[in-house]
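All ligand and atom numbering here is 1-based and tracks the order in the structure. For the numbers below, each heavy atom of this structure counts, side chains included, while hydrogens, waters and symmetry mates do not.
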Amino acid sequence: MKFDIALIPGDGIGPEVLDEGVKVLEKLQHTSDLSFNFQEFPQGADHYLDTGELIADESMDELGEFDAALMGAVGDPRVKPGVLERGILLKIRFSFDQYINLRPIRLRDSKYTPLKNKSPEDIDMVVVRENTEGLYANSGGFLRKGTCEEVAIQEMVNTYHGVSRVIRYAYEYAVESGRNLTLCDKCNVLGYAHDLWQRCFQDIGEDFLEVKKDHVLVDALTMKMVRNPEELDVVVTSNMFGDIITDLGAELQGGMGMAVSANINPEGLSMFEPVHGSAPDIAGKGIANPLAAVLAAAFMVEELGAEKEAAKIRAAVDRALEEQQLTADMEGELTTSELGDFICSILE
Ligand code: NAI
Ligand code: MG
């Protein structure tokens with residue numbers, strides 16, 4: 001199987017960790033019948049500061065030709081917060097209608113969770129986050145900006161189309177994986193927006209009577225994630241809540257260096273990335289943890305249909321955890337590229 005993969009390394013540690021993801025995929029080419037044709041896209045802070053361009057229409061058209069995209073991270077202290085994130089990352093998510101953000105929260109080894117007495121069986125959930133609407137739709141505006149009477153309004157956009165498709169995807173995911181489904185919202189306060197979510201959840205649930213379902217308010221969900229994570233399987237939620245609860249989830253499973261995210265358009269281009277950002281505080285030092293990027297590459301390979309090869313990469317990551325062949329954020333001593341090399345040595 002041959003795949004065309006777009007690489008968007010981005011900023012800070014993005015290129016450092018993506019290099020290791022690519023190294024692992026290149027290794028896989030020698031040990032399986034997979035083959036990859038990579039093309040790098042330069043978008044990010046340097047490209048923006050040099051050219052004034054975030055991502056041109058031609059680059060977007062070009063991206064659309066690929067089988068999948070793998071991203072590092074964007075964001076740079078030299079650029080006003082949000083410019084690169086909205087102009088590149090959100091632009092790709094929205095333009096390619098990547099309406100599902102799939103974020104597994106899976107503890108791979110008990111040593112690495114801050115929770116007491118919790119095992120990999122207990123911390124094993126998947127967040128299905130709506131990825132194109134909600135508070136991220138950037139709808140709103142200012143009135144009397146810069147005065148003491150300023151009004152800033154940020155609207156939460158929920159469409160029947162957007163809500164129903166993510167909920168249907170979550171039910172299908174629950175059926176395929178034989179797991180329970182939890183709706184996470186704040187319907188007790190967001191009486192319009194999350195009333196729509198409630199109705200969609202109930203109505204679409206009629207088509208999936210075999211799925212055991214329940215509902216948890218977002219604040220209670222954060223308690224449950226810490227106290228009783230074993231009660232959570234598949235969680236479907238809105239864009240902003242999904243963003244926040246998956247950072248909590250990232251810590252439960254061993255930290256930002258391990259958390260992965262897939263922006264999925266089931267009929268089009270999907271993009272895979274670490275949950276973490278460009279980490280300017282450690283960029284250029286060669287100490288960033290590449291495991292999230294490596295696991296993002298595994299996630300991509302799985303979504304492309306090569307489940308066995310994805311499992312091989314994950315098993316190699318498990319070996320690194322077991323043998324504590326890790327970077328400093330996980331109390332290891334390896335550099336970014338040494339850890340990538342270790343994963344490759346297991347794949348031999
Ligand atoms: P961040 O995730 O970049 O960093 C948070 C903390 O975690 C930092 O202390 C960092 O050193 C550490 N960290 C993150 N990834 C790590 C790794 N692989 N290995 C070891 N330590 C790691 O989040 P922060 O600092 O809030 O944002 C930095 C920049 O990244 C901002 O410009 C932000 O907008 C952007 N960002 C981009 C994202 C993306 O491209 N998907 C996602 C989140 C933030
Ligand atoms: Mg986030």
Give the ring-plane orientation class for Phe208 versus Tyr171, where under 30° counts as parallel, over 60° as perpendicular and anything between as tilted. parallel
[X] touching ligand 1 at heavy-atom level, < 4.0 angstrom:
| X | answer |
| --- | --- |
| Ala292 | no |
| Ala288 | yes |
| Leu84 | no |

Would you please say whether a donor-acceptor pair under 3.5 Å links the side chains of [X] and [Y]?
| X | Y | answer |
| --- | --- | --- |
| Gln324 | Glu333 | no |
| Asn131 | Asn263 | yes |
| Ser261 | Arg103 | yes |
| Thr132 | Glu130 | yes |
| Tyr48 | Asp76 | no |

Mark up the atoms of ligand 1 that fall under 4.0 Å of a heavy atom belonging to [X], in ascending order.
| X | result |
| --- | --- |
| Glu85 | 31 (C), 32 (O), 33 (C), 34 (O), 35 (C) |
| Leu89 | 39 (C), 40 (O), 41 (N) |
| Val275 | 42 (C) |
| Ala73 | 40 (O) |
| Gly75 | 32 (O) |
| Pro280 | 28 (C) |
| Ile13 | 15 (N), 16 (C), 17 (C), 18 (N) |
| Glu273 | 41 (N) |

Considering non-hydrogen atoms only, spot the tightest contact between Ala310 and Glu302 and give its length. CB-CB, 3.7 Å
Closest non-hydrogen atoms of Ile245 and Thr222, given as atom of the first, atom of the second and distance, are CG2-CG2, 4.3 Å
For the CG atom of Leu291 and the CE atom of Met256, what is their distance to the nearest 0.5 Å? 14.5 Å
If hydrogens are left out, which of Val74, Asp281, Leu291 has an atom nearest to atom 37 (C) of ligand 1, that is, the closest non-hydrogen atom? Val74
Heavy atoms only: which of Ile287, Asp243, Ile282 is nearest to atom 22 (C) of ligand 1? Ile282
Could you tell me whether some N/O pair between [X] and ligand 1 is separated by less than 3.5 angstrom?
| X | value |
| --- | --- |
| Arg93 | no |
| Ala279 | yes |
| Pro274 | no |
| Gly277 | yes |

Is it true that the NZ or CZ of Arg165 lies under 6.0 Å from the centre of Tyr99's six-membered ring and within 45 degrees of the ring axis? yes
Is Asn289 touching ligand 1 with its side chain, its backbone, both, or neither, if touching means heavy atoms under 4.0 Å apart? both
Counting heavy atoms only, which part of Asp11 comes closer than 4.0 Å to ligand 1: side chain, backbone, both or neither? neither
Looking at Asp207 and Arg168, is any side-chain nitrogen of the basic one under 4.0 Å from a carboxylate oxygen of the acidic one? yes
Of Asp50, Asp11, Asp46, the residue whose pairing with Arg78 passes salt bridge (Lys or Arg N to Asp or Glu O under 4.0 Å): Asp46
